[in-house]
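In what follows, a structure is listed as structure tokens, so that the remarks can point back to it.
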Amino acid sequence: MSENTTEDRSTEIPPNFVEERVAADRAAGRNAGRVQTRFPPEPNGYLHIGHAKSICLNFGLAQTFQGKCNLRFDDTNPETEEVEFVESIQADVRWLGFQWDGAVRYASDYFQQLHDFAVTMIKAGDAYVDGRTTEEIRATRGDFHTVGTPSADRSRSVAENLDLFARMKAGEFADGTYVLRAKGDLASADMKMRDPLMYRIRHAHHHRTGDAWCIYPIYDWAHGQSDFIEEITHSICTLEFVNHRPLYHWFLDKVGAAPLPDGGASAPAASYARPEQIEFARLQLTYTVLSKRRLQELVEKKFVAGWDDPRMPTLAGLRRRGYPAAAIRAFCERIGVATRDAIVDVSLLEFAVREALNATAPRSLAVLDPVKVVLENFEEAVTFDAPFGPDLPGVDSEAAKITRKLRLTKEIFIEREDFMEVPEKKFFRLAPGQEVRLRWACIIKATRVEKDETGKITTIYATWDPDSVGGQPKDGRKIKGTIHWVSAEDAIDAEVRLYDRLFQAENPMGDKENWLASVNPNSLQVVTAKLEPSLAARAVGECVQFERIGYFTVDKDSAPGRPVFNRTIALKDSWSPKK
Ligand code: ATP
Ligand code: MG
């Protein structure tokens, strides 16, 4: 990104506090001005909109400061990780518009190095092999009021520890029989420092290292060291890691990273020493659940059709729903970066989506709840050109002038709710004796209706004004309402999936035990709609506006002659009190 872009950005949206910290480090000459960040997902699920926030922040910092951002998989948990997730995560980062520096990295690339660091610590008397179970370890760790009780194993000799650790690695012991622990401080007020675990035994196949390892590093041990190995200058993470920071620095002391000159606030000037951790509040959204574990539960319990179900807050789901990547980036930038947890109103995201699509989506005609209208005095079909648009004030775009042919025929479909037999006040649409404009086409006036035995209107009869082709009556009389329509002869049938919010509760996690109870049972409604024929040519993933209704995106379930459209978002925020 050029200097210019950086300047433009800072005048529009004030820099967030992380940017300010990084800028201050550069001004002080730390790390010789170098900025290296990383996005470190665990490949145990699909990315969600919360991850997008972290991606935009980490890659955004690299762009703003001409630095680099790595993509590193924290793949230290062989049981929960899958290649499917590794692939989807890369696709999602790229789709969001970012490219990581160099090759994809994996914590598993560093298994040997981490092991060697651990051996260094054992030799220095800073780590020991503990033969107690994790339950026993937890029970003897003490709490805020009680110091921890040392295990008898804590006083093993270095030689004995080296031997046992080598045999753990060689696969001699069963899962859970031994762990490697750091020799911290069992009396520390910081519970994380009370002999934290470093390795556990898991005879599990790893998606990358296969069966080469049966000891796997604990996250806290692997994470900080991986950042150190990659020479990350700024380790951006979420608030829950604030209290891991002392432990991460202690580990770095033990593996020989250069000490910090100012007690931990930063790395020394002009030389790389160790990553500086900066924490920010994780994104939470109203009416949304953002936790891979919970999203997985929604998939497994079949509340949704999969990770990419358009109701899911996953990037794969939002993409399929039709949310543009640019809208997600704009949203992340606009909400800023907070230092305190707060729930962001999901309508801000929806606003960003409408804003992006309003500027780009071609306009088309589609009727979701069709009722037939017969134009009694109509003889021969009329064909005319209508631009796709969007026709936006102040924007003179060539693309927006592209037209398609629309044909007005004797029989058309209109939206059932656009007709009232007995119109209420201010109903400016179609009614007996009342005129309305058909978008792009002409003026019609209803004369009578036909109903079935239940009283439901089956056909509306109307007359058209042949002197109003194009929509303007020759005599200049004012027509207040305009409605959309499609030719009954030319229309194509489409399956349209109308999505609503997946949760009815503003904070679904407010009741942790019962969060699934707030799943919206009506979050998907499927209708057969009548579309103007040009919509048959839209490709999967293309998003259009159905005029007066909303934005709709072609779904991958479409078949030739039978398109499937997802409602991306309605035109207006139907949830706001001012409709
Ligand atoms: P989850 O609880 O959804 O599994 P996680 O934090 O365990 O999230 P990781 O794969 O470990 O998921 O996350 C990769 C990166 O994304 C981390 O740096 C994490 O801090 C960040 N991240 C995850 N969720 C959010 C969120 N809701 N808002 C901002 N950043 C997030
Ligand atoms: Mg996690």
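All of these numbers come straight from a predicted model, not from anything done at the bench. One-based numbering, in listed order, for ligands and for the atoms of each.
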For [X], atoms of ligand 1 separated by under 4.0 Å from a heavy atom:
X	value
P40	14 (C), 18 (O)
F39	14 (C), 15 (C), 16 (O)
E42	9 (P), 10 (O), 11 (O)
P41	10 (O), 14 (C)
S291	3 (O)
H51	8 (O), 9 (P), 10 (O), 12 (O), 13 (O), 14 (C), 16 (O), 22 (N), 23 (C)

Q | Distance, nearest 0.5 Å, that separates OH of Y199 from CE of M168 | A | 9.0 Å
Close N or O approach ([X], ligand 1; < 3.5 Å):
X	result
H48	yes
N44	no
K292	yes
G50	yes
T238	yes

Q. What do the steps show when you test H51 against D92 for side-chain hydrogen bond (donor to acceptor under 3.5 Å, both in side chains), and what is the final call?
A. CA-CA 10 Å; H51 294 108; D92 287 347; over 6 Å; no
Q) Can you pull the salt bridge (charged side-chain N to carboxylate O under 4.0 Å, His left out) pairs that have at least one residue in residues 99-122, sequence neighbours excluded? A) D101-R105, D109-R208
Q.
Please list all pairs meeting salt bridge (charged side-chain N to carboxylate O under 4.0 Å, His left out) that have one or both residues in residues 176-188, counting only residues at least two apart or in different chains.
A. D130-R181
Q) Within 45° of the six-membered ring axis of Y287 and under 6.0 Å from that ring's centre, is NZ or CZ of R501 located there? A) yes
Q) Would you say the ring centroid of Y46 lies under 6.0 angstrom from that of F85? A) yes
Q.
Centre-to-centre under 6.0 Å for F552 and F565, is that the case here?
A. no
Q) Hey, does R294 sit under 4.0 Å from ligand 1 if you only count heavy atoms? A) no
Q) Could a heavy atom of F280 be found less than 4.0 Å from some atom of ligand 1? A) yes
**Q.** Presence of salt bridge, D309 and K302, under 4.0 angstrom
**A.** no
Q: Considering non-hydrogen atoms only, spot the tightest contact between L61 and V35 and give its length.
A: O-CG1, 4.4 Å
